Amino acid sequence: MVVIWFPHLVTDRMLRRQPDLKDVAFVLSLTERGRRVVKAVNAIAQSKGINLNMVVADCKALFPDLQVFDFNPEESAKLLNALAEWCIRYTPFISLDAPDALILDASGCTHLWGGEEHYIKHIYNKFNSSGYHIRIAMADTIGAAWGVCRFGKNGSIVKSGFEMEALSLLPAAALRLEPTALDKLDKLGLKTVHSFITMPSTALRRRFGQNLLKRIAQALGSEMEIPDLVIPIVPYQERLPSLEPIRAAEGIEIAIKELLEMLCLRLQKESKGLRKCELICYRMDGVIIKKEIGTSKPSRNTLHLFKLFELKISEIEPDLGIELFVLEASIVEELNSSQDALWTISGGSEIAIAELLDRLAGKSGRQSIHRYLPAEHYWPERSFKDATSLVEKPSTEWRTNLPRPLHILPVPELIDVSVPLPDYPPLLFIYKNVIHNVKKADGPERIEQEWWIEQGQYRDYYCIEDEQGARYWLFRLGDYDSGTAKWFIHGFFA
Amino acid sequence: MKMNYTELQITTNFTFLRGGSHPEEMVEQALALGYTEIAITDYNTLAGIVRAYTATKGKNIRIIPACRLELLDGHSLLAYPTNKEAYARLSGLLSEGNLRAEKGECYLYKADVYRYAEGMQFILIPPASLNTTFDFEDNFIHSLKEYKQELGDALYLGAIRSYHANDNKKLFRLAQLSKEHQVPFVAMNDVHYHAPLRRELQDVLTCIREKCTIHNAGFKLYQNAERYLKQAEEMLRLFAQYPEAIENTKKIANACQFCLSELKYEYPEEITSEGRTPQEELIFLTWQGANEKFNNVIPEKVKASIAYELEFIERKNYAAYFLTVFDFVKFARGEGILCQGRGSAANSTVCYCLGITSVDPSKFNLLFSRFMSDARDEPPDIDVDFEHERREEVMQYIYQKYGRDRAAIVATVTQQHYKGAVRDVAKAMGLSMDAANSLSSSGWEFTEEWYEGKTISSSGFAAKDKHLLKVLDLTNQYIGFPRQLGQHTGGFIITRGRLSDLCPILNARMEDRTNIEWNKDDIESLGFLKVDVLALGMLTCIRKAFDVCKAHYNLDLTLSNIPQDDAAVYEMICHADTVGVFQIESRAQMSMLPRLKPRCFYDLVIEVAIVRPGPIQGDMVHPYLRRRDGKEKVEFPSKELENILGRTLGVPLFQEQAMEIAIVAAGFTPAEADSLRRSMATFKAKGMVSDFQKKLVGGMMVKGYTEDFAKRVFRQLEGFGSYGFPESHAVSFALLVYVSSWLKCYYPDVFAAAILNSMPMGFYQPAQLISDARKHGVVVKAVDINYSNWDNTLEEKEGKYFVLRLGFRQVQGVCEDDMQILMALRDSRYKIQDSRQEKPNLRIGQLVDAGVTLAALEKLADADCFRSIGLDRRKALWEISALSDHAQGLFAGQLPDTSSEQQITLPEMQLFEHVIEDYRSTTLSLKAHPMSFARGKLKQLKVSTTHELSKCENGLSVRVAGLVLVRQRPGTASGICFITIEDETGTSNLVVFKNLFQQYRKEIVHCRMLMVEGKVQKEGEVIHIVVKKCYDLSGLLLPIGNSEARASEDQSINYMSSAPSVKKVAQTVQQDIFYGGRNFR
C-alpha cells in the first residue's frame, strides 16, 4: 500500500496555473459561521506561521501582505479525483483519502518500475517536477503507510512485519485517531505510539474506546481495511475509422448516423442526454474539421440529433477524403426516461418545440430567437430580460396591475407635443411626421430612475388614444416646471 | 393663502427600517413649508412622538400624537386621540398589543381597537392598487363596512396620490365608496421622508428590512420618490377635484387638540406612612436618620445644612423623589444587599441621613446648591449602585411593590453608529460580507484627505469608486437613526396611576422585565422622573469581603463604619500597590498614584476624576500635578473663578467646574451650559459644537481670559462629552476606592477571596490577583476535591493571614451543580467539624456513583484537583477515564475492577508541563510562573527581571520580557500603545510610540511572550520602558515535553520537507493556554 499526501494540494495547483504567485504567501479561504477561515495554505505562507483553519483576520494581523483567495471545496475534490485517475498508470487500484491524500494498492505493480524504491521515487519525482509537494510512504497496511507518510521520513518503505517498529516513535496522531482520543492521550503523556501500543487492550478499550484498538489492528495488519476504489469516467466519445477515405456526403451521413447510434445507446444506458456535441473529421491531408451542434434540452434522440448535423454536412469539405470520424459529447446532462408525458400534453410538445428551435437555430443562428421573461425592475427598459433557455422559469410574475404596452421600442423616440401645464397629457403629438390628435388619455404614472444603476430624471408615463383608436405609451422626461421637459414615445398597445 | 391642509400620515424613522427621516427633520421641514400642525403616525408605536414634540417647543407648529395601527386581522388604521383620556386609551391599546408579543412585535386585533376606540378619530388606509375590474377588492369594502358600523362617525377614508397610473381611477372609486357608505374621505401623502432626496436611503432601508440587496430588491422598493412632505399648495392641486378631502384633514386636526404637555407625572403613594405628606415624611425620616448617624448629637453645621436642603426640596417639590429612592435602598439594606448612591443630589446631607450614600458630606466642602440650584431647573439626579449579582432582586422588588402596570424600565434608543450602519448599507448595496466588514473596521481612515483622493485606506478603498462613495454618503445619512429600543441599564420610572396612560409598555428581551417606549431624554423633556438602579461589581466584592470578615475576623463592617483617614491605607495607595482596588487599579491610574500621592479622601476624589478623557484632553493633568508638588504657583485666571477652582488648585478637573466656568466666565445661562454639555455627548449635533466653541472662547476672551485657557476649557468639555465624570460621582466612587483599599491593606486574604468570588470584574486576571495576594503574605492553596468549595474560601490561619483555598469556580468548564453534588457527598462522609483533621479518603469511584459527571471529573483532573488522594493530573485522568463503563442501575456502587489491571506507569510530568496545564485549566498556577522556566535562556539574552528594573537608573538601556497582560491604545494618547507585561517578579509597563507600533505590529498584536529593548524612564516610583525594539519569544514557552514528537520531526527534515502537522500541534498548544491579554480598549 502506498499513501501519497499532498500537503498543499490546492495551492500547488494554483501555482501551476499562475506561476507569478511563486514568491507570494497566499491562502484560500472559505466563510464558516460568518468568519473567513483558511482552508489551504501555500508553503511560503505556512513558513510564516499560517496554518489551516486559522481565521483570515488573525492571519492578516500576523502577516499583513498575505493574499487571500476563495476556496472552492468542489474544485479541490475534483482535483484529487483527477490526480487519482492520473495515477491509474501506477496501479489500477486507487482510492481517495479525502481531502488531500491518495491510497494506491501497489501489489504486483512495483516490479514494472524496477522495484519498490524506484516505484516510490518515480512517483515522487513525477509529482515534484509538476509542482506538487507530496509526502509518500509504502507499507503492507494502509494504517502504517498513512502514519509514516504524515509523520515519518518522506519516501519510507516499511518492510513487511516491521509496522510496529515504524510507527512506534511517531506521535499518536499517526494512528488516524479522532481528536478527543488524541487529546486524552496527550494529557496522559502518551504522546507517541510506542508509549501505549503495548498496553493491555482492555485498559485501552475502557479508556479510549474500540476505535483505538481498531486503528492499531489496521495499522499492524491484523484487521483488513478495504478502501473504496476510484473508477474513472470514460469520456462520451465514439470513433469510427473508415476503410477507404470517405469523400461523398452520403458516406459522411452514414458515419454520423452510426456514431450517433453508438453514442445514444450509451446515453440511454446511463439515463443521460447531450447538450453539446462535436463531430471531428480527420482528413487525409491532416486537416481536422470540427462541427458542433447544441440542443435546448438534453437529448439522445438520434433522429433529431442527426437533423442538426445534417444542416452542417454541406459545410464539411472532404477534399482527399476523411479517414477517421470522432463524435464527442462535451456537455452531458441527466435525462430520465420518464413516462409522465402520457398525461401532460404540453410536456410532449415542449420537446417538439425544443427540437424545432434547435433546427431554427441551426439555420439562422441562435441570436435570432428570443424568449422574454419579466424582471423585477420598475424602469421599463429593464422590466424584462432575455431567457437563456427554453425551460427557464420566470423569477417573478409579469406585472398586470399597471398598463404596459405589448410592443416596446428598444430606445424611446423623441416626439413633438402640444401639452397644457402642469402635468396634463398632451393634446396632440407628432411621431414620424404624422400628427396624432389625442382623444383619450390616462396617467401620469411616475417612474423614477433606479439610482443605483443610473442617475437621471424621472418619467411621467401616459396612455394615449388617438382619433384612429390606436393607443400609445408616451412619457415626459423630468419636471414640467423646468420648461425643458422633453416628450418621448416608448410603446404601442395592441 | 390660508393653509387648509394638514399632513396626517407621517412615518418617521421610529418605524424602524421604513421611515427615512428623523421626527425632528419632519417637524423642521413642516415648519419651513408653513405647516402649523402635522401628525406623527408610526407603526404601532409612540416612540418618536416625544422627539417631534420637543422639536416643536417654542415654534409655531404643533404635532398631533398619533399612531398607525397594524392589525393582524384587518386593514391598517391611523388613530388620532382627541383628548388626554383617548391618548391614554391609545397607549393602553399598544401596551396590550406589546405585552402579548415578543419584544419588537405588537399583536393587535380589530376587537382591541373597538374596545379602546372611544375619543379617537380613525383613518382607514386603502390598498395600493385596484383589481382587474378597476375596483377595490371585496374584503376591503367589507372592512370598510365593518369599521363604519363599529367606529361610526370617527371613521374616515384615506386617499393618497402616489403617481401610479391608476390614481384617478382610485380616487374616483374612493369618492364612490365615501358617498355610498357615508365615510368622509381625507387627503394624505403617506410621508416616509421629509425631502425627496431621502428616497435613496429609504430604498436602502427597505433592502435592509427585506434582507436583500438594492440590485435584487425589485418591486419591494417604491416606484418613485413621491412620499415626501409636500407643500400644501401641491396637495391642494393634486386633490383639486376633491376639495372635501382637503377640508377633512382640517376637521380631524381640529378635533385632535391633545398635547403631550398635558401629561403629568405623579409620584406613587406608597412611599409615605402614617398619613404624612411626602415632605413631612422626608423631614421625619431625615431627622430620624440624622439622630442615628450622629448619636442624637447633631452638629450645628449639619443641622443647618439639613434645614437648608429640606427647604430647597420643599420648594422644588422633590420630596417624593427622595422617598422613592429611599424605598429601594431600605429594601436592599433589609436584604443585606450593599448599595451606594451617587449623582448630584446623592451627596446631600439628606441622602447621608437617609443612608442612600455613606459619604459623609461634612468630610469635604461641597455645597448642596452647587448641584441643585434654582437656576438649573433640572430634576435631581440620584443613581444607586447595587451589587451586580443581586441587583435583579431589587428590580423585581420594584416590579412587585408597584406592579408591572406602574413600574417599568426606561428605554434606550440605540442609534446606528458608523460600524453597524456601514455594514448594513454596504450589504444592501450589494458589497460582499468581506468588503462590508473591512469598510466597517476602517471607518477612521475615511478622512477629508481620503475624499480628496490623497490617501488610500489600508484595505485598498479609494475615493475614486462612485459606488463606494454612495455607500459612504448613505451611511452618513443613516448614522444616528434609531436602531432598536433597548432597555436602559437601570432607569426606572414609577407612577401613581397606570403607566400605560402615559406611554406604551413593552416586553424587554430579558425575562421578567418590562420597559416603556421612551428614553431618558424623552421622559426628561416631559418632566417625568426616573431613578437609576445600577449594578456595580465592586459592591458585590465588598459585600462578600464583609461577609468573610464577619466569619473569620468577627468584624461587623459596613460602608460607613470602616475607619476613615487611615494613614497606612493612603501609604499603600501612594505606592500604587492597588491591584484589584476599585477604579485606581488601571495602568494609567497606577502610574498617576505615586505622582499625586493621595493623603486624604478628597485626594482620592481627584485621583478618580483626573485620569479621564476630560482632564487629559483638556491638558489639565500636568498643571495640576505641578501645582500640587509646589513647582508652580497656585493662581487663578480671575477672582471670580477662585470660588469655583479653589479646591482643585486653580485647575478645572470636574465637569461641574467646566460648566460653571462657562456660566461665570463666558456668560452662558445655566440652561445653555447644560445643553452645551449635552450636545457634546450626542455626536448628532455636530454643527452646534462649533457654535458653542465660538461662543465660549469668544465670551471668555471678552471677559479677559487668555485664548489658550479658553480653548483648554473647551477641549475639556469635549472630553467630558464622551465620558462625563462629575465631581458628585467621583466622590461616591472615591468612597468605594477607599473601602476596597482598606480591605486590601488590612485583610489581603479576605480581599483576594472576595474579588475572586465576584469575577468577572475589574482589570486583572485571577493569576495576577493571586500573585498579588501571595506577595502580601497570603498563603494560597490549590483547588482540591477534598478541601475546596465552589467559592474561594479561607481556611485556618497560617502566619499573619488565613490560608486562601481556591474554589472550584476557578476550574474552567465545571458547573456549580456538579460540584454541589461532590461537596454534599464529601460532607456526608465525614463530619464537617473534624474534616480538617481527618485524613480524607474520598475515592473517585464514589464521586461517579454520587452523580458527578465524568466530564466534570475530567475537568477536575485537568486542573490537578486530586493531589490530596495522591494522584497527579495524569494518574487521576487515567483512573477517571477507566470509569466510562462503570456499573449502573442494579450494580451501581460496584466499582469496575481496575485493581486487577496490570499496573501501568504513565510518563512522569515535568514541572513546566504542570504549570502549562494549570494555566490551561485554571488560568493560573501556584506551582511556578511560566516565565521562570525561560529565565535561563533569558539570562543568556541579558534580559532583566522586572524586579531588577527598579534598581536601574533613569535612561538606561535594558531588555525585559514577560507575558503580555494588557495592550492599550487610548484615544487620548495619539497613537501611543501601552503594554503591560508580567514576569515572575512583577509587572512592567511599556510605552510604544506610533511609528514603532506600526513596525512591530505583528509582535505586539500577536505574541504571548514579548521581549523588548528600550530605555528606562523613571519618574519617582513610576517606571516605564520606552520601547525601541520588540521580539516575539513565544517560542520559549513551547512545551519541552514534546521532545519525542520533535525527534521524529527532526528525522524527516533531512529528506525533502518537514511534516507540518507536528509544528501545528505545538503552536496551538502555546497559543491557547496563556491569556491573550486585554486588547485595545
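Each chain gets a letter, A, B and so on, in the order its sequence line appears, and its residues count up from 1. Quick caveat, the model's predicted, so the values are computed rather than measured.
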Handout entry: side chain to side chain contact (heavy atoms under 4.5 Å, CB included) assessment of B:Y222 paired with A:E448
Key = CA-CA 9 Å; B:Y222 289 124; A:E448 283 280 347; over 6 Å; no

Problem - Top contributor to chain A contacts, counting heavy-atom pairs under 4.5 Å, from B:A876, B:A225, B:S129 - result: B:A225

Practice task
Working to the nearest 0.5 Å, report the span between CD1 of A:I447 and NE2 of B:H164.
Solution key: 9.0 Å

Practice task
Flag yes if more than 12 heavy atoms outside A:R404 fall under 6.0 Å of its CZ atom; otherwise flag no.
Solution key: yes

Exercise for the section: Mind ranking A:P444, A:G209, A:C149 by heavy-atom pairs under 4.5 Å with chain B and telling me who comes out on top? Expected result: A:P444

Practice task
Would you name the heavy atoms of A:G189 and B:P907 that are closest together and state the gap between them?
Solution key: O-CG, 3.1 Å

Practice task
Might you confirm whether atom CD of B:E234 has over 12 heavy atoms from other residues, nucleotides or ligands at distances under 6.0 Å?
Solution key: yes

Practice task
Please determine, among A:R446, A:R382, A:E376, A:K187, the option with the most heavy-atom pairs under 4.5 Å with chain B.
Solution key: A:R446

Fill in the blank from the handout: Honestly, the part of B:A217 sitting under 4.5 Å from a heavy atom of chain A is backbone

Exercise for the section: Run the salt-bridge test on A:E450 and B:R199 with the 4.0 Å N-O cut-off and return the result as yes or no. Expected result: no

Practice task
Please state whether the side chain, the backbone, both or neither of B:R873 comes within less than 4.5 Å of a heavy atom of chain A.
Solution key: neither

Exercise for the section: I would like to know whether B:L877 and A:K184 meet side chain to side chain contact (heavy atoms under 4.5 Å, CB included); could you show each step before the answer? Expected result: CA-CA 8 Å; B:L877 183 64; A:K184 206 181 256 182; 4.2 Å; yes

Practice task
Indicate yes or no: at least one non-hydrogen side-chain atom of A:R399 is less than 4.5 angstrom from one of B:F219.
Solution key: yes

Completion exercise
B:Q223 meets the side chain to side chain donor-acceptor pair (under 3.5 Å) criterion, sequence neighbours left out, with A:E445

Practice task
Go through the atoms of A:L402 and report whether side chain, backbone, both or neither lie under 4.5 Å from a heavy atom of chain B.
Solution key: side chain

Practice task
Let me know if A:F208 has heavy atoms under 4.5 Å from chain B in its side chain, its backbone, both or neither.
Solution key: side chain

Exercise for the section: Go through the steps for A:Y378 and B:N224 under the test side chain to side chain contact (heavy atoms under 4.5 Å, CB included), then give the verdict. Expected result: CA-CA 9 Å; A:Y378 289 115; B:N224 54 39; over 6 Å; no

Handout entry: NZ/B:K169: more than 12 non-hydrogen atoms of other groups inside 6.0 Å
Key = yes

Handout entry: Under 3.5 Å: donor-acceptor pair, side chain of A:R206, backbone of B:S881
Key = no

Handout entry: Proximal component of A:A172, with respect to chain B [non-hydrogen, under 4.5 Å]
Key = neither

Exercise for the section: Measure the CH2-OG1 distance between A:W452 and B:T213 for me, rounded to the nearest 0.5 Å. Expected result: 9.5 Å

Exercise for the section: For A:E397, look at atom CD and say whether over 12 heavy atoms of other residues, nucleotides or ligands are found less than 6.0 Å away. Expected result: no

Handout entry: Contact class of B:E908 relative to chain A, heavy atoms under 4.5 angstrom
Key = neither

Handout entry: Contact origin within B:N131 toward chain A - heavy atom pairs under 4.5 Å
Key = neither

Completion exercise
CG (A:D423) and CG (B:L238) are apart, to the nearest 0.5 Å, by 7.5 Å

Handout entry: For chain A, the option from B:H467, B:K220, B:H215 that forms the most heavy-atom pairs under 4.5 Å
Key = B:H215

